[in-house]
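This report refers to the structure that appears directly beneath it.
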Protein chains: 2
Amino acid sequence: MGIVAVRLKDIADELQLSVVTVSKVLQNYRDVNAETRRRVLEKAQELGYRPNYVARSLVMQRSATIGMVLPHLRHTFFQEVYQAIAAKASPKGYSLLIAISQEDPDQEAREIDHMISRQVEGLILASTRPYTAGDFLEPLEKRNLPLLLLDREFANYDAHFVGTDDVELGRFATAHLIEQGCTRIAHLRGPDVSTAIARVEGYRTELAAHKLTRHPHYVAGGTGDDEAGYWAMKSLLKAKPPPDSVFCYNDPVAAGAMKAVLDSGLRVPQDVAIVGAGNMHYSDLFRVPLTTVDQRSAEVGAQAADLILDLAERGSTTSATHKRGRRPKRVLVKPTMVIRESSRRKR
Amino acid sequence: MGIVAVRLKDIADELQLSVVTVSKVLQNYRDVNAETRRRVLEKAQELGYRPNYVARSLVMQRSATIGMVLPHLRHTFFQEVYQAIAAKASPKGYSLLIAISQEDPDQEAREIDHMISRQVEGLILASTRPYTAGDFLEPLEKRNLPLLLLDREFANYDAHFVGTDDVELGRFATAHLIEQGCTRIAHLRGPDVSTAIARVEGYRTELAAHKLTRHPHYVAGGTGDDEAGYWAMKSLLKAKPPPDSVFCYNDPVAAGAMKAVLDSGLRVPQDVAIVGAGNMHYSDLFRVPLTTVDQRSAEVGAQAADLILDLAERGSTTSATHKRGRRPKRVLVKPTMVIRESSRRKR
DNA sequence: CCGGGTCAAGAAAACGTTTTCGCCAAATAA
DNA sequence: TTATTTGGCGAAAACGTTTTCTTGACCCGG
């Protein structure tokens, strides 16, 4: 019972050779006779030999594995980033070990520990923690294990980062609404993570640049899902005067907000223009096709893959080298507007 | 440079002990002095020791890893299944190694080989192959490695399977349209995989049960995405007589179909009623909220997790034991209707 | 004083590889 | 002929664990 595996030794025994010679054939060493090589390859084929990467990892001190710890897989953003990373890592022989923290910081810490134990050569982390890093990163530092923060960064911790330029995202969305003639622009912000904070900043900056006043009640919060968007929008509509437009933290929030507006008998975009973010799949098929800011997730993924693979191959570093003067990389991908019906006021 | 790790030996050296004793402490063996145990635990904490699972896997002949090979992550189905599996596997100490075949059979075969080399204890495969298994499963059989087919099964190969009851799905959708008074019911089928074939079967069975004729042109094919749905629907609308309703392979196809209908100036559901499948996130926010058949993906994932973990723990089997008389398990999850506007003809 | 038992620790073997080094025979050069 | 190189192969060590077996010290009862 159990799994039966063919080892180098099995090939060696059958051919009256040593494991060393067999190994050498498979590693393409030159100091082995052509005829011997042929016989080994033939036998390996015949027995269906597959190398044992666990053993190889141990002796070579290289797992060829990249770990990813994500809060969830709900948004297309993480899926597409994941696909982009997989597409780059696989041809280089790297495997991807994935863990989901379920938005739970303790679970996140456990999964990170687990990744360490699995000897990953690099770790991509989209942290679920509210904006600030704790000492849960210490084990990574101690081991000098390459860390790449994805999408969300920490205010008090310098690490390599790849994500969307969220300040720009906020500015783009807001500028677009202004351009459409909106003046009472509200914002449904997300939870207390860097992306949400940066989007608020972009929103404010752009309003200020156009000398538009911010009604104090025009920024409402939530957990970042459609449920939250629905209820936040419901209450926003009761403000006096009510907003004529809203920039939402992401597409799910925008979807909820749209539902709230339509349920209230108001029209989109005539009464309330809506802009989301993330360009979720099929958001063009919403009741009113949704204007959104595309985060170019595939590009984010590609950048993340390039960086983490580079770090892994060079055997750098969480933050140790930063302290020796080298700055961590910070890659911000510029978002792009995708304009659809939900915000089109001008014809 | 490179990653620096703390080993058992480091702890042992500092405390003038042998690795054996240190290992025993961490494995909770009883034959070690209480004071020694305390010192070891303290030192392990101090040095930030994390066990090396690669070494442990090698000696214990247990990787505690489950592999998943999926065609892609686009549909919410796979995401939710993945999440459900992760939720069950993680508490049991299993990690998930994921690979994406990109719908490419060769890539799929490579990824399977890779999983073998990584010594996974069980493999979940949603194959991209058109309905029939090839000899690419031979390495799995040879090693007696537990295989679980997810979502899509093979006609000519008996293996454990967990997925949606797709025949029922096709019947449910069709029956619902009949109930709404539709008579010219078309079907936009998916690619040549078992799920699509089964859905067609359900569709035909239900039509026959109601003695409804099938217009030969009423089944149109495609690749299963919204693009395909759009063009297939476009041409379906030119049929004489045109269908008054359509059951679509999945929600993306339905989304494309809806777009085609609306673009043609027709109304949903009055002129053409539409039913999708999969209950994609936010399909209730479509231009016309989409009626769909929910595949209960979380339940599928939970079942898949239970089965593969059970197989892995018991060290069974691809198909070897099947031949010894034990039948592979076949778990079919019953889908449920989610009725929304796109199909509601009766008030 | 001896035999048995208990307690605490370590030595050795094992897991499947890779790599370095050494060995021997045959071929080549001097 | 002798010295040197070359070609082909294997022995041994290493990677970080876990497990089994052994050892030695100590205590207790007879």
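To find a chain, count down the sequence lines: A is the first, B the second, and so on, and within it residues start at 1. Keep in mind it's a predicted model, so treat the numbers as computed, not measured.
- Across all strands shown, A:S57 has no heavy atoms under 4.0 Å from either base or sugar-phosphate atoms.
- Heavy-atom distances to DNA chain D give each of B:R7 and A:S18 a nearest nucleotide, and the one nearer the 5′ end belongs to A:S18.
- OP1 or OP2 of C:dT19 lies within a sub-4.0 Å distance of a side-chain N or O belonging to A:Y29.
- For A:N33, taking side-chain heavy atoms from C-beta onward, the closest of the listed nucleotides D:dT17, D:dG8, C:dA9 is D:dG8.
- Here B:V59 lies in heavy-atom contact (under 4.0 Å) with a base.
- If you measure from atom CG of A:N28 to atom C1' of C:dT18, you get 14 Å, rounded to the nearest angstrom.
- Of the candidates D:dC9, C:dT18, D:dG16, C:dT18 carries the atom nearest the A:Q27 side chain, counting heavy atoms from C-beta on.
- The nearest whole Å value for the distance from the CD atom in A:Q61 to the P atom in C:dT17 is 17 Å.
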message: Test side chain to side chain donor-acceptor pair (under 3.5 Å) on A:Q119 and A:S63; report intermediate values, then the result.
response: CA-CA 6 Å; A:Q119 310 296 111; A:S63 66; over 6 Å; no
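- Summarising the geometry, the separation between CD on B:Q119 and P on C:dG16 is reported as 9 Å, rounded to the nearest angstrom.
- Per the geometry, CG belonging to B:L8 stands 6 Å off P belonging to D:dT18, to the nearest Å.
- Residue A:D31 places a side-chain atom within donor-acceptor reach of the base of D:dC9, judged by atom type and a 3.5 Å distance cut-off alone.
- As rounded to whole Å, 11 Å separates atom P of C:dT19 from atom NZ of A:K24.
- Using a distance-only test at 3.5 Å, with no hydrogens or angles considered, a donor-acceptor pair links the side chain of B:R152 to the main chain of B:S127.
- The CZ-P distance, from A:R37 to D:dG7, rounds to 14 Å in whole Å.
- A sub-4.0 Å separation between OP1 or OP2 of D:dT17 and a side-chain N or O of B:S23 is absent.
- At the heavy-atom level, B:V20 lies under 4.0 Å from base atoms of the strands shown.
- B:E35 CD: more than 12 foreign heavy atoms inside a 6.0 Å radius.
- For D:dT17, one of the phosphate oxygens OP1 or OP2 lies less than 4.0 angstrom from a side-chain nitrogen or oxygen of B:Y49.
- Whole-Å rounding puts the B:I11 CD1 to D:dG16 P distance at 13 Å.
- We find that CG of B:N52 is positioned 14 Å from C1' of C:dT17, with the value rounded to whole Å.
- Side-chain contact check for A:E103 versus A:H72: some heavy-atom pair is nearer than 4.5 Å.
- Of the possible polar contacts, none joining the A:S101 side chain to the A:E108 backbone as a donor-acceptor pair under 3.5 Å is found.
- Note on A:T21: every side-chain N or O is 4.0 Å or more away from OP1 and OP2 of D:dG8.
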